[in-house]
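Predicted model, so just to flag it, every value in this text is computed and none were measured.
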Amino acid sequence: MMPEARFLARATYTTDQVADWNPESGYRGSPRGNGVHKMRKLFSGPLFWGTAAALSLVLHAWWAWSTHDGIQAARCGATWVVFAGAIIARPIIRMGYRGWYQSTKSIDAGTMESTPEQMEENRQSAVDAECVQRFGPVLAVLGTILWAYGDLAANTVMRNLSSLVR
């Protein structure tokens, strides 16, 4: 077959088929009971990423104090920006790309009485919206400011604290 013909044959795949294809294992999809789902649930929570950001701040502050170098505080801002990206990507982390993609294509007319599954999905959608529209962008802005000015602030604080300790 000529290369042009192979290219045209590949171009006939639908968006769903391309999004669902994984070269290593064929078509993607993971049952809810396996370890991947548990990891997605852990890493999709805003509490996890907020705790990671707070621990990152404590670790970098200790590192800056012990090395007497404020650049370590600026590095904390860089990690906050990465954490903000993970918070903003919460819907994709929680549902997987395929599940997220399918949820953006469907329109649910609802039912007269909500089932527990629907109520949980509505709650998760509300948390997704909070993460994408509020928590993630705020952490990204704070991380960017800390990344830009963290070394100056840390050096000033260390200089003032060392003068108080003497």
Side-chain angles (χ1 to χ4, degrees), residues 3-63 72-150:
E4 296 81 20
R6 274 188 276 144
F7 176 73
L8 291 175
R10 280 191 211 141
T12 60
Y13 289 126
T14 66
T15 307
D16 292 338
Q17 290 170 328
V18 172
D20 198 30
W21 178 252
N22 183 349
E24 293 177 10
S25 62
Y27 284 96
R28 200 178 353 184
S30 58
R32 290 218 172 257
N34 68 7
V36 172
H37 176 68
K38 292 176 184 174
M39 293 301 287
R40 282 183 184 163
K41 186 175 180 180
L42 172 68
F43 290 129
S44 70
L47 181 62
F48 173 81
W49 293 109
T51 303
L55 288 174
S56 174
L57 180 62
V58 169
L59 175 69
H60 283 89
W62 170 81
W63 192 7
Q72 312 311 333
R75 289 182 177 153
C76 178
T79 60
W80 280 17
V81 172
V82 172
F83 293 161
I87 290 172
I88 291 171
R90 181 185 192 272
I92 296 171
I93 294 171
R94 182 174 66 86
M95 294 184 272
Y97 177 77
R98 178 81 174 141
W100 170 79
Y101 180 73
Q102 288 298 328
S103 74
T104 61
K105 292 175 51 176
S106 65
I107 298 173
D108 184 12
T111 59
M112 295 301 281
E113 294 180 21
S114 294
T115 64
E117 293 84 17
Q118 289 172 331
M119 291 170 50
E120 178 61 21
E121 185 59 35
N122 290 340
R123 189 184 75 75
Q124 290 295 327
S125 294
V127 174
D128 287 346
E130 288 287 323
C131 287
V132 170
Q133 298 170 3
R134 189 175 288 167
F135 301 137
V138 166
L139 189 61
V141 168
L142 291 176
T144 302
I145 292 169
L146 184 58
W147 196 353
Y149 301 107

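- Nearest approach of Ala84 to Ala140, heavy atoms of both residues: CB-N, 3.4 Å.
- The aromatic rings of Tyr97 and Tyr101 lie parallel to each other, with less than 30° between the two planes, well short of the 60° mark.
- A distance of 10.5 Å separates CD1 in Ile88 from CD in Gln133, rounded to the nearest 0.5 Å.
- In this structure, the side chains of Arg90 and Trp49 stay at 4.5 Å or more apart for every pair of heavy atoms.
- Ion pairing between Glu121 and Arg94 holds under the 4.0 Å rule for side-chain N and carboxylate O.
- Rounding to the nearest 0.5 Å places CD of Gln102 at 5.0 Å from NZ of Lys105.
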Acceptor/donor pairs from residues 54-62 side chains to any protein atom, 3.5 angstrom cut, sequence neighbours excluded:
| from | atom 1 | to | atom 2 | distance (Å) |
| --- | --- | --- | --- | --- |
| Ser56 | OG | His60 | ND1 | 3.3 |
| Ser56 | OG | Thr79 | OG1 | 2.9 |
| His60 | ND1 | Ser56 | O | 2.8 |

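- The shortest heavy-atom contact between Trp100 and Pro91 is CD1-CB, 3.8 Å.
- Pairing each heavy atom of Leu146 with each of Cys76, the nearest pair is CD2-SG, 3.8 Å.
- Summarising the geometry of Leu139 relative to Ile87, their closest heavy-atom pair is CD2-CD1, 3.7 Å, with the distance given to 0.1 Å.
- Closest approach of Trp80 to Ala53, counting heavy atoms only: NE1-O, 3.0 Å.
- Side-chain contact check for Met119 versus Arg123: every heavy-atom pair is 4.5 Å or farther apart.
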